[in-house]
**Q** 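Got a structure for you, questions after.
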Amino acid sequence: MSPDYMRRAIALALESVRSGSGGPFAAVIVKEDRILAEGTNRVTLTNDPTAHAEVVAIREACRAIANFHLNGCDLYTTCEPCPMCLGAIYWARPTRIFYAATAADASSAGFDDAFIYEELKIAPAGRRIPMTQLLRADSLAIFSAWKQQENKTPY
């Protein structure tokens, strides 16, 4: 753990805000005391709602080490991760996460993710964006094929 990496993330986020290139978030991924990747929020810059700082940094770090797991890596992020980023972080499996601001701090600046957590508690058909299941039985063939695949890479 090094406050210097968090200072770097904060500096990147501030630069992003001042330049108008993205939202007020940044992330840095470190392995063996070396920065592997940095990411800033690029949602509005790229018209990509998934281009949050943590996701951008995870993608870059995984490319850098040619692996979809970030074992042995630390992730420094300027804010407590949103639900999407938290999911991406868990899939990437870094060793530790360090964050600066809280979700409540982000909410007070207009970035409120609380509704997503609430949506997860509602049955799919009753959500703000209703979800309807189709062709489940047909889709189970996909999982059957996966289970039988001999050369698969386990997640």
Side-chain angles (χ1 to χ4, degrees), residues 6 9-10 12-13 16-17 19-31 36-155:
M6 186 63 78
I10 291 168
L12 288 168
S16 177
V17 169
S19 71
S21 65
F25 304 97
V28 172
I29 298 177
V30 176
K31 185 169 186 165
L36 274 182
E38 299 176 335
T40 58
N41 182 287
R42 305 177 72 70
V43 171
T44 57
L45 184 68
T46 61
N47 294 314
D48 179 354
T50 69
H52 288 201
E54 296 92 335
V55 173
V56 170
I58 287 168
R59 288 173 180 160
E60 185 179 321
C62 288
R63 273 193 297 273
I65 63 170
N67 197 319
F68 57 92
H69 287 157
L70 296 174
N71 299 335
C73 295
D74 291 336
L75 187 146
Y76 292 80
T77 180
T78 57
C79 190
E80 185 177 354
C82 76
M84 177 185 69
C85 291
L86 188 60
I89 290 165
Y90 272 89
W91 280 114
R93 297 181 175 101
T95 301
R96 299 182 296 184
I97 304 164
F98 300 98
Y99 67 95
T102 66
D105 297 328
S107 178
S108 71
F111 300 93
D112 191 358
D113 302 328
F115 78 96
I116 297 172
Y117 290 107
E118 293 305 315
E119 285 285 297
L120 293 172
K121 297 175 188 175
I122 300 170
R127 294 179 181 160
R128 288 184 193 185
I129 302 173
M131 298 173 68
T132 304
Q133 188 174 27
L134 293 174
L135 302 176
R136 177 177 180 259
D138 293 357
S139 73
L140 294 178
I142 302 164
F143 293 113
S144 179
W146 171 257
K147 289 177 188 177
Q148 295 172 26
Q149 184 73 14
E150 290 182 22
N151 297 331
K152 62 185 166 211
T153 301
Y155 283 67

**Q** Determine all donor-acceptor pairs shorter than 3.5 Å in which one atom belongs to a side chain in residues 122-138; sequence neighbours excluded.
**A**
{"unit_1": "Arg127", "atom_1": "NE", "unit_2": "Glu119", "atom_2": "O", "d": "3.0"}
{"unit_1": "Arg127", "atom_1": "NE", "unit_2": "Ile122", "atom_2": "O", "d": "3.0"}
{"unit_1": "Arg127", "atom_1": "NH2", "unit_2": "Ile122", "atom_2": "O", "d": "3.2"}

**Q** Answer with yes or no whether the side chains of Asp105 and Ser108 bring together a donor and an acceptor at under 3.5 Å.
**A** no
**Q** Which atom pairs, one a donor and one an acceptor, fall under 3.5 Å between side chains of residues 78-92 and the rest of the protein, sequence neighbours left out?
**A**
{"unit_1": "Thr78", "atom_1": "OG1", "unit_2": "Ala26", "atom_2": "N", "d": "3.1"}
{"unit_1": "Thr78", "atom_1": "OG1", "unit_2": "Ala26", "atom_2": "O", "d": "3.4"}
{"unit_1": "Glu80", "atom_1": "OE1", "unit_2": "Ala103", "atom_2": "N", "d": "2.9"}

**Q** So do the side chains of Ile29 and Pro94 get within less than 4.5 Å of each other, counting heavy atoms only?
**A** no
**Q** Indicate the atoms forming the closest heavy-atom contact of Leu36 with Cys73, along with that distance.
**A** CD1-SG, 3.7 Å
**Q** Counting C-beta onward and ignoring hydrogens, is there a side-chain heavy-atom pair between Leu70 and Leu75 closer than 4.5 Å?
**A** no
**Q** Sequence neighbours left out, what passes side-chain contact (heavy atoms from CB on, under 4.5 Å) with Ala27? Give chain and number order.
**A** Ala53, Glu54, Ala57, Thr77
**Q** Who are the salt bridge (charged side-chain N to carboxylate O under 4.0 Å, His left out) partners of Asp113, not counting sequence neighbours?
**A** none
**Q** Show your working on side chain to side chain contact (heavy atoms under 4.5 Å, CB included) between Asn41 and His52 and close with a plain yes or no.
**A** CA-CA 5 Å; Asn41 182 287; His52 288 201; 4.1 Å; yes
**Q** Hey, can you pull the donor-acceptor pairs under 3.5 Å for the side chains in residues 147-155, sequence neighbours left out?
**A**
{"unit_1": "Gln148", "atom_1": "NE2", "unit_2": "Ser144", "atom_2": "OG", "d": "3.2"}
{"unit_1": "Lys152", "atom_1": "NZ", "unit_2": "Trp146", "atom_2": "O", "d": "3.0"}
{"unit_1": "Lys152", "atom_1": "NZ", "unit_2": "Lys147", "atom_2": "O", "d": "3.1"}

**Q** How long is the straight-line distance from CG of Asn71 back to OG1 of Thr95, given to the nearest 0.5 Å?
**A** 6.0 Å
**Q** Give the C-alpha distance, both sets of side-chain angles, the deciding distance and a yes or no for salt bridge (Lys or Arg N to Asp or Glu O under 4.0 Å) between Lys121 and Glu118.
**A** CA-CA 5 Å; Lys121 297 175 188 175; Glu118 293 305 315; 3.3 Å; yes
**Q** What's the spacing between Cys62 SG and His69 NE2 if we round to 0.5 Å?
**A** 8.5 Å
**Q** Under the criterion ring-ring contact (aromatic ring centres under 6.0 Å, His included), which of Phe98, Tyr99, Phe25 is the partner of Tyr76?
**A** Phe98
**Q** List for me each residue that meets side-chain contact (heavy atoms from CB on, under 4.5 Å) alongside Thr46, sequence neighbours excluded, and say none if there are none.
**A** Arg42, Asp48, Ala51
**Q** Counting N and O atoms only, with roles assigned by atom type, does the side chain of Ser16 sit under 3.5 Å from a partner on the main chain of Gly23, one being a donor and the other an acceptor?
**A** yes
**Q** Check whether Ser107 reaches the backbone of Asp112 with its side chain - one donor and one acceptor, N or O, closer than 3.5 Å.
**A** no
